[in-house]
Amino acid sequence: MASQSDPAPHGVIPYPGRTDDMDRAPRDEMADYVGRDLLAGKRALITGGDSGIGRAVAAAFAKEGADVAIAYLDEDDDAAHTVNLIEAQGRRGVALPGDLAEAAHCRQIVADTVSALGGLDIVVNNVAYQSPVDDLAELSDEQWRRTFAVNIDSFFHVTKAALAHLTPGASIINTASINGLRGNKSLIDYSATKGAVIALTYSLAQALNERGIRVNCVAPGPVWTPLIPATMDAEKTESFGEQTPMGRPAEPDEIAPSYVFFAAGRMSSYYSGEVLAPIGGETLPG
């Protein structure tokens, strides 16, 4: 995500990336997913919820019985489509545009979610910004600060604001990345923030345990979303995900069930401080 004044990454589609501009649309509507009321009556906020993983999670949550608010930058068409997916399940859907790099806006989307949905039970911190560089010398102070503001500062501000509304049994789910587990030479700032997300998850799980709030993390490998062609050149986009043992990137629909698992107390009541890494067959030491 970038504000209108920020230099856009050089990708094959305009930044920040819209689904309709992609040569191949991702599977991100959970069309074949059958819910079991695992989240009946719950109220969820998903940042970066307009497309990709966020859209798939929103659709899955709605199929499980949750009302869902999505926060996003300015991809209004994608956000409207996601809200339609939510409402098609008979649930309430709310779209909240704006720049999550701003602390005040993070607090505002929490307040708006609570006002619109009548409360808050699940927080999914999913918003992310990335802009690959070929050399550390190319990584500007502005980009470094922007990446941290979106990818980790917003997680802090949203979570802190949500605490006033979360009750025992609530769930916080943070999106990290395989790059936060092993680094990435062309995504130095992004990888650093994703490592911070994992450490934040561990710390919050300990800090919020006495309140009965579970905090977990999903750290995917490569996932085919609008962010990829919007921030990578044609060559990298064409080969994206081929390095995995499965030889391809994940579809968002393949990642979203991990969030359902962590959101549903019936499935994961004894899980907090966990990192679930769907990374296409790769194994990591440790």
Side-chain angles (χ1 to χ4, degrees), residues 1-3 6 9 16 45-49 52-54 57 71-73 99-107 109-110 122-133 136 138-163 166 171-209 213-223 225 227-228 231 255 258-259 262 271-279 282 284-286:
M1 289 208 162
S3 68
D6 287 332
L45 168 63
I46 303 170
T47 68
I53 293 174
V57 173
Y72 65 101
L73 183 60
D99 191 352
L100 288 159
E102 299 174 1
H105 183 63
C106 292
R107 294 188 284 269
I109 64 165
V110 172
I122 304 164
V123 175
V124 177
N125 289 304
N126 174 69
V127 66
Y129 169 87
Q130 70 175 31
S131 183
V133 296
L136 176 61
E138 298 176 15
L139 183 53
S140 68
D141 293 352
E142 178 187 25
Q143 179 177 320
W144 179 269
R145 186 61 256 153
R146 177 72 190 180
T147 306
F148 272 78
V150 175
N151 293 10
I152 186 65
D153 293 358
S154 75
F155 287 33
F156 164 73
H157 294 304
V158 168
T159 300
K160 184 178 179 182
L163 283 182
L166 299 177
S171 177
I172 299 169
I173 310 165
N174 298 322
T175 300
S177 167
I178 180 63
N179 296 307
L181 294 167
R182 68 178 183 202
N184 185 305
K185 66 180 182 180
S186 65
L187 292 169
I188 298 168
D189 48 337
Y190 176 86
S191 299
T193 62
K194 292 306 186 178
V197 167
I198 292 169
L200 179 67
T201 299
Y202 293 154
S203 299
L204 289 177
Q206 298 171 41
L208 302 182
N209 181 62
I213 299 171
R214 297 179 298 108
V215 187
N216 292 290
C217 179
V218 181
V223 185
T225 74
L227 186 65
I228 303 310
T231 60
I255 306 300
S258 298
Y259 293 80
F262 280 141
Y271 287 77
S272 194
E274 295 285 350
V275 178
L276 185 57
I279 53 179
E282 183 176 350
L284 295 173

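- Heavy-atom neighbours of Y271 OH from other residues, nucleotides or ligands within 6.0 Å: at or below the threshold of 12.
- Here K194 contributes atom NZ and N174 contributes atom CG; the two are 9.0 Å apart, rounded to the nearest 0.5 Å.
- A distance of 12.0 Å separates CD1 of I198 from OG of S203, quoted to the nearest 0.5 Å.
- Side-chain atoms of R214 never come within 3.5 Å of backbone atoms of I172 as a donor-acceptor pair (strictly under, hydrogens ignored).
- The distance from atom CG of N126 to atom CD1 of I255, rounded to the nearest 0.5 Å, is 11.0 Å.
- Summarising the geometry, atom OH belonging to Y190 is positioned 7.0 Å from atom CG belonging to L227; distances are rounded to the nearest 0.5 Å.
- For S171, the side chain to side chain donor-acceptor pair (under 3.5 Å) criterion is met by no residue, not counting sequence neighbours.
- No salt bridge links R146 with D141; every basic N to acidic carboxylate O contact stays at or beyond 4.0 Å.
- Using a 4.5 Å heavy-atom threshold, the side chains of I109 and V158 count as touching.
- Within the 4.5 Å cutoff, the side chain of I53 has no heavy atoms near those of the V218 side chain.
- Within the 3.5 Å criterion, the main-chain N or O of E274 finds a donor-acceptor partner in the side chain of N216.
- The side-chain heavy atoms of D189 and Q143, taken from C-beta on, include a pair separated by under 4.5 Å.
- Side-chain contact check for T175 and N125: no donor-acceptor pair (N or O, by modelled atom type) lies under 3.5 Å.
- Taken to the nearest 0.5 Å, the OG atom of S191 stands 4.5 Å off from the CG atom of N184.
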Salt bridge (Lys or Arg N to Asp or Glu O under 4.0 Å) assessment of E282 paired with R182: CA-CA 12 Å; E282 183 176 350; R182 68 178 183 202; 2.4 Å; yes
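- L204 contributes atom CG, which lies 9.0 Å from atom OG of S272 (distance to the nearest 0.5 angstrom).
- At distances below 3.5 Å, at least one donor-acceptor pair connects side-chain atoms of T47 with backbone N or O atoms of V127.
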